[in-house]
Amino acid sequence: MQGLQELGNIVNSGAEEVGLFRTEFLYMNRTQAPDEDEQYGIYREAVAGLDGRPLVIRTMDIGGDKPVPYLQQPHEANPNLGWRGLRFCLANTEVFHTQLRAILRASAHGPVRVMFPMVSTVDEVVAARREVDTVQAQLKQAGLDFDPKTQVGIMVEVPAAAETADALAAQVDFFSIGTNDLTQYVMAADRGNPKVADLIDPFQPAVLRTIQRTIRAAKKAGIWVGMCGAMAGDPMAAPILLGLGLDEFSMNAAQVPEFKLSFSQLSADACARFSEEAVALDSAGQVRDRTAAFLAEQAAVTNGKH
């Protein structure tokens, strides 16, 4: 979700929540950052429009392919691996606090979850949670309402986060696996470069095993784990992700009806067995071929029951 104009489509699609509100778009194409009241008004309207459905608000993922000139970011040779996401926010606490205050104030009106992007270390999460505590204290002192039990989560989109998922899980309430960035970082392949497009495939075994490890860490810690990115809305990926134990799938509203129909035809037990087989394969092509066969088998079973 990138703006309030999408709310109607989301509600009508049958979606059960918004798994990713991309707030960096509030900062782009303007000459100064939105202030606290402007952001609060937008987040509050989003909460109201969802009529009780949870809203996951990702703090601004400024930098990388989303530069904001007025925030005076330096030129970087490789901005996707540079000063972006949570890294930028922790170095610009005034801007960060403004956004956190707006998000937390909106939490007084319905279920809101805060999510930090581009996390690499436990230290970053500890520092970010400290800023949340600071902002909550400010709001309390100012007599402004907020939900003190607002969930805090992180994007797992950097290999370092997946490798230390067990430690990170102890610091947060949920994970959201960002497969677009995770795939390009795991495969060391720029997703904007057509010459390496065959490597930008979340069905690559290395990516699947990274996802598997992340989900296992979340389950062991007792936190829920979702996914955003192209893979989350791909019906072919559904049996693998369901089998691995993914709890929530975030996708475009237009994809929801078909995805839910495909999902309803899957057996959780069969998917659990199949996912172990799929993750052990040697290539993305093998995974796709075997998944297509599995889906055909599942459809035959479903049709046979009617």
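All values derive from a computational prediction rather than experimental measurement.
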Problem set entry | Whether S267 side chain and A270 backbone form a donor-acceptor pair below 3.5 Å |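 Between the backbone of A270 and the side chain of S267 there is a qualifying donor-acceptor contact (under 3.5 Å).
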For this session: Salt-bridge test for D201 and R288: reply yes if a basic N is under 4.0 Å from a carboxylate O, no otherwise.
Result: yes
Problem set entry | N29 CG: over 12 foreign heavy atoms closer than 6.0 Å | no
Problem set entry | Test item: I223 and D173 side chains (from C-beta on) under 4.5 Å apart, heavy atoms |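 Contact flag for I223/D173 side chains = no.
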For this session: With the side chain counted from C-beta on, respond yes when V207 and T179 share a heavy-atom pair under 4.5 Å apart, and no when they do not.
Result: no
For this session: State, to 0.1 Å, how close P205 and A284 come at their nearest heavy-atom pair, and which atoms those are.
Result: CD-N, 3.7 Å
For this session: Kindly compute the distance separating CG (N180) from SG (C228), expressed to the nearest 0.5 Å.
Result: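 Between atom CG of N180 and atom SG of C228 there are 7.5 Å.
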Exercise. Shared ILVMFWY cluster between I57 and I154, side chains joined below 4.5 angstrom?
Worked result: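 Yes, one cluster joins them.
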Problem set entry | Heavy-atom side-chain proximity of L104 to Q136 below 4.5 angstrom | yes
Problem set entry | Side-chain donor-acceptor pair present, D289, Q286, cut-off under 3.5 Å | no
Exercise. What's the verdict on side chain to side chain contact (heavy atoms under 4.5 Å, CB included) for L266 and L295, showing C-alpha distance, side-chain angles and the deciding distance?
Worked result: CA-CA 8 Å; L266 298 174; L295 288 171; 3.8 Å; yes
Problem set entry | Residue among L244, V156, V186 satisfying side chain to side chain contact (heavy atoms under 4.5 Å, CB included) with I211 |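 One option only clears the test, and that one is L244.
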Problem set entry | E24 backbone acceptor or donor facing R22 side chain under 3.5 Å | no
Exercise. When rounded to the nearest 0.5 angstrom, what is the spacing between CZ in F249 and CE in M231?
Worked result: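 Atom-to-atom, F249:CZ and M231:CE are 9.0 Å apart.
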Exercise. Is D247 salt-bridged to K219, cutoff N-O under 4.0 Å?
Worked result: yes
For this session: Please lay out, stage by stage, how E297 and F274 fare under the test side chain to side chain contact (heavy atoms under 4.5 Å, CB included).
Result: CA-CA 11 Å; E297 294 164 7; F274 170 69; over 6 Å; no
Problem set entry | Path from V158 to F175 over hydrophobic side-chain contacts below 4.5 Å | no
Exercise. So, the side chain of E76 versus the backbone of W83: is there a donor-acceptor pair under 3.5 Å, distance only?
Worked result: yes
For this session: For the pair T164 and T121, evaluate side chain to side chain contact (heavy atoms under 4.5 Å, CB included) and give the outcome as yes or no after the intermediate values.
Result: CA-CA 8 Å; T164 57; T121 69; over 6 Å; no
Exercise. Looking only at heavy atoms, what is the nearest atom pair of Q204 and D198, with distance?
Worked result: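 Closest heavy-atom pair between Q204 and D198: NE2-O, 3.3 Å.
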Exercise. Which atom pair, heavy atoms only, marks the closest approach of V68 to Y27?
Worked result: CG1-O, 3.7 Å
Exercise. With side chains defined as the heavy atoms from C-beta onward, is the minimum distance between E124 and F116 less than 4.5 Å?
Worked result: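 No, too far: nothing below the 4.5 Å cut-off.
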Seminar exercise, completed: Separation between CD (E94) and SG (C89), nearest 0.5 Å, reads 13.0 Å
For this session: Give the minimum heavy-atom separation between I103 and Y43, together with the two atoms involved.
Result: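 For I103 and Y43, the tightest heavy-atom pair comes out as CG1-CE1, 3.5 Å.
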Seminar exercise, completed: CD of E157 to OG1 of T210, rounded to nearest 0.5 Å, is 13.5 Å
Exercise. Do NZ/NE/NH1/NH2 and the carboxylate oxygens of E248 and R53 come within less than 4.0 Å?
Worked result: no
Problem set entry | Pair D190 + K195: basic N to acidic O under 4.0 Å |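 Result for this pair is no, no salt bridge flagged.
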Exercise. Mind checking whether L71 and N92 have side chains closer than 4.5 Å, heavy atoms only?
Worked result: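 No, every pair of side-chain atoms sits at 4.5 Å or beyond.
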Seminar exercise, completed: Closest non-hydrogen atoms of A160 and S120, given as atom of the first, atom of the second and distance, are CB-O, 3.6 Å
For this session: For R58 and T23, indicate whether the former's side chain and the latter's backbone hold a donor-acceptor pair under 3.5 Å.
Result: no
Problem set entry | Flag for Q138-R101: side-chain donor and acceptor within less than 3.5 Å |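 Checked: R101/Q138 side chains pair up, N/O donor to acceptor below 3.5 Å.
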For this session: Consider only side-chain heavy atoms of I, L, V, M, F, W and Y, link residues closer than 4.5 Å, and tell whether Y185 and F203 are in one cluster.
Result: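 Result: no, two separate clusters.
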Exercise. Heavy-atom distance under 4.5 Å between the side chains of I240 and V287, does that happen here?
Worked result: yes
Exercise. If two hydrophobic side chains count as joined below 4.5 Å and joins carry through other members, does M60 share a cluster with V125?
Worked result: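 Same hydrophobic cluster.
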For this session: For residues D61 and R84, report the shortest heavy-atom separation together with the two atoms involved.
Result: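 Looking at all heavy atoms of both residues, the closest pair is OD2-NH2, 2.8 Å.
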Exercise. Rounded to the nearest 0.5 Å, how far apart are CD of E45 and CG of L50?
Worked result: 10.5 Å
For this session: Mark yes or no for whether E131, through its side chain, and L90, through its backbone, hold a donor-acceptor pair below 3.5 Å.
Result: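 It does not hold such a pair.
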Exercise. With a 4.5 Å heavy-atom cut-off, do M155 and L86 have their side chains touching?
Worked result: no
For this session: I would like to know whether D37 and R105 meet salt bridge (charged side-chain N to carboxylate O under 4.0 Å, His left out); could you show each step before the answer?
Result: CA-CA 10 Å; D37 286 338; R105 286 172 62 192; 3.0 Å; yes
Problem set entry | From CA spacing to verdict: side chain to side chain contact (heavy atoms under 4.5 Å, CB included), D181, R191 | CA-CA 8 Å; D181 269 342; R191 57 189 170 111; 3.2 Å; yes
Exercise. Can any side-chain N or O of R213 pair as donor or acceptor with the backbone N or O of E163 at less than 3.5 Å?
Worked result: no
Exercise. Given the rule that I, L, V, M, F, W and Y join up when any side-chain heavy atoms are under 4.5 Å apart, are F25 and V95 in one cluster?
Worked result: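 Yes.
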Exercise. How many angstroms lie between atom NE2 of H109 and atom CG of L55, to the nearest 0.5 angstrom?
Worked result: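 Going from the NE2 atom of H109 to the CG atom of L55 covers 12.5 Å.
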Exercise. Taking T98 for the side chain and E36 for the main chain, is one N or O donor matched with an acceptor at less than 3.5 Å?
Worked result: no
For this session: Find out whether Y40 and L144 are in side-chain contact, i.e. whether some heavy atom of one side chain is under 4.5 Å from a heavy atom of the other.
Result: no
